[in-house]
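Data first, discussion second: the structure below is written as structure tokens.
When reading the values below, keep in mind they use all heavy atoms of this one structure, side chains included, and skip hydrogens, waters and symmetry mates. Residue numbers run from 1 in the order of the sequence given. Remember, it's 1-based here, ligands and their atoms both numbered in the order they're listed.
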Amino acid sequence: MSDLAQQHDLTLRQDYFADPSAWNALVDLLQDTFSIDINLQASFGGPDPSSMPSGYFDADGRCVANFSAFSMPMIINGRSVKAAGYQSGAVRPEWRGRGLYRDLMQRTFARTKAEGYELDLLLTDKPALYERYGFRALPQHVFIAQTAKPQQSGQTARQLSLETPDDVRLIKTLLQSRQPVSARFAVTRQTEMFLLNAGFNTAIRLTALGDDTVIAWTFDGATFWLLDVVGTTMPSLAAILSALDLEPDRIEICFSPDRLDCEVSLEPYEGYTMLMARGKAADDIAGPILLSPMAEF
Ligand SMILES: CC(C)(COP(=O)(O)OP(=O)(O)OC[C@H]1O[C@@H](n2cnc3c(N)ncnc32)[C@H](O)[C@@H]1OP(=O)(O)O)[C@@H](O)C(=O)NCCC(=O)NCCS
């Protein structure tokens, strides 16, 4: 038993997702803290099997504090990197200021270090919390593309729905076999966060081009945001726009567009959270970069 658990009459539990009551207690903690419902994942096949949650639970089975790591393999400047993402960090208000979060962070960081992760990534609105553990903010940029000339498209575009099991199956298959969207900075394998992000934001459209590529995008009538391209090959930006039959006034690409065959200019990305990194592979990250919103965690 940990000292903190003993002191506060709590139980420390790790890797507890197989226990439905403990999973539901985490769902409640994240709902109460961030107003998000991660139970949405149930309809897509459940949480990421690589997840390494650590939490403190009270005598009633409530999860009062949690911090999780998960495996998030990346490609950075052409090299495969064993990276860990950190998420689901929260402490119930009445339990704050007692070192529970410090304890969970330290346990989790020790674990991923022992397992040989060479890059640690997180998204936060509280960078000071992580700077003391060696995390540094990575500036991100959005990529503004020249509006491309429409091309003749041989592709059929089909709108997908997360409510349709066959569509979810197609997306999952492509997420498993995809080429990373960028060779400079991208996740190579991430299924659960992609589906969860798509489920959270109903403005995100998922469109299949043929049966080997899915485009994640949004459009407000003037600006087109290209969020991700999931496929075994990478169509050009012009081919994507033609297949979607769009001629937007402005195009924002929300990932490093090195594989997209287009000219871009940069604008600083001003998100609500900051991307932070540490570890020996962190020095290899040379900007400009942007983590696809579909890989946000
Ligand atoms: C942020 C949060 C997890 C801290 O939990 P906590 O149990 O009070 O934290 P601890 O008592 O373990 O403190 C850990 C350290 O973080 C520091 N800290 C706490 N809140 C902080 C904040 N908002 N900003 C910067 N540092 C903070 C503490 O001073 C302490 O520093 P130390 O280790 O040098 O002494 C909690 O306030 C919370 O759940 N907030 C809402 C959700 C959230 O923001 N989660 C983090 C998402 S990235």
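- When hydrogens are left out, the protein atom nearest atom 44 (O) of ligand 1 is Lys126 NZ, 2.4 Å; that is the closest non-hydrogen contact.
- Taking the ring axis of Tyr133 as reference, the NZ or CZ atom of Arg102 does not stay both within 45° of it and closer than 6.0 Å to the ring centre.
- A salt bridge links Arg92 with Asp32; the closest basic N to acidic carboxylate O contact falls under 4.0 Å.
- Taking distance alone, with nitrogen or oxygen atoms compared against 3.5 Å, Tyr101 approaches ligand 1 more closely than that limit.
- At a heavy-atom distance under 4.0 Å, only side-chain atoms of Tyr130, from C-beta outward, approach ligand 1.
- Classification of Arg158 and Asp211 as a salt-bridged pair fails, no side-chain N sitting under 4.0 Å from a carboxylate O.
- Of all the atoms in ligand 1, the ones that sit under 4.0 Å from a non-hydrogen atom of Ala90 are 39 (O).
- By the 3.5 Å distance cut-off applied to N or O atoms, Leu123 is not counted among the residues near ligand 1.
- Between the side chains of Ser50 and Asp48, a donor-acceptor pair is found at a separation under 3.5 Å.
- The existence of a salt bridge linking Glu192 and Lys172 is excluded, since no basic side-chain nitrogen approaches an acidic carboxylate oxygen closer than 4.0 Å.
- When only modelled atom types and interatomic distance are considered, Asp167 and Ser161 share no side-chain donor-acceptor pair under 3.5 Å.
- Looking at Pro127, Gly99, Gly89, it is Gly99 that brings a heavy atom closest to atom 11 (O) of ligand 1.
- Of the polar atoms of Gly97, at least one N or O is found under 3.5 Å from an N or O of ligand 1, judged by distance alone.
- In this structure, atom 38 (C) of ligand 1 lies nearest to the protein heavy atom Arg96 NE, 3.4 Å.
- If you check the side chains of Thr164 and Asp166, you find no donor sitting under 3.5 Å from an acceptor.
- Here the heavy atom of the protein found nearest to atom 39 (O) of ligand 1 is Val91 N, 2.8 Å.
- Neither the backbone nor the side chain of Leu122 comes within contact range of ligand 1; no heavy atom lies under 4.0 Å.
- Checking Met276, Arg98, Met274, Arg132 against atom 31 (O) of ligand 1, the nearest heavy atom belongs to Arg132.
- Annotation: atom 25 (C) of ligand 1 to nearest protein heavy atom, Leu129 N, 3.9 Å.
- In the vicinity of Thr124, heavy-atom distances shorter than 4.0 Å reach the ligand 1 atoms 48 (S).
- Rounded to the nearest 0.5 angstrom, Leu266 CG and Ile144 CD1 are separated by 8.5 Å.
- Of all protein heavy atoms, the one lying nearest to atom 33 (O) of ligand 1 is Arg102 NE, 2.6 Å.
- Remark: ligand 1 and Ala128 share no N or O pair separated by less than 3.5 Å (distance only, no angle test).
- Salt bridge status for Asp283 with Arg136: absent, with no side-chain N to carboxylate O gap under 4.0 Å.
- The protein atom (non-hydrogen) at minimum distance from atom 42 (C) of ligand 1 is Thr33 CG2, 3.5 Å.
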Report the C-alpha distance between Gln176 and Thr191 in whole Å, list the side-chain angles of each, state the deciding distance to 0.1 Å, and finish with yes or no for side chain to side chain donor-acceptor pair (under 3.5 Å).
CA-CA 7 Å; Gln176 297 299 327; Thr191 300; 2.8 Å; yes

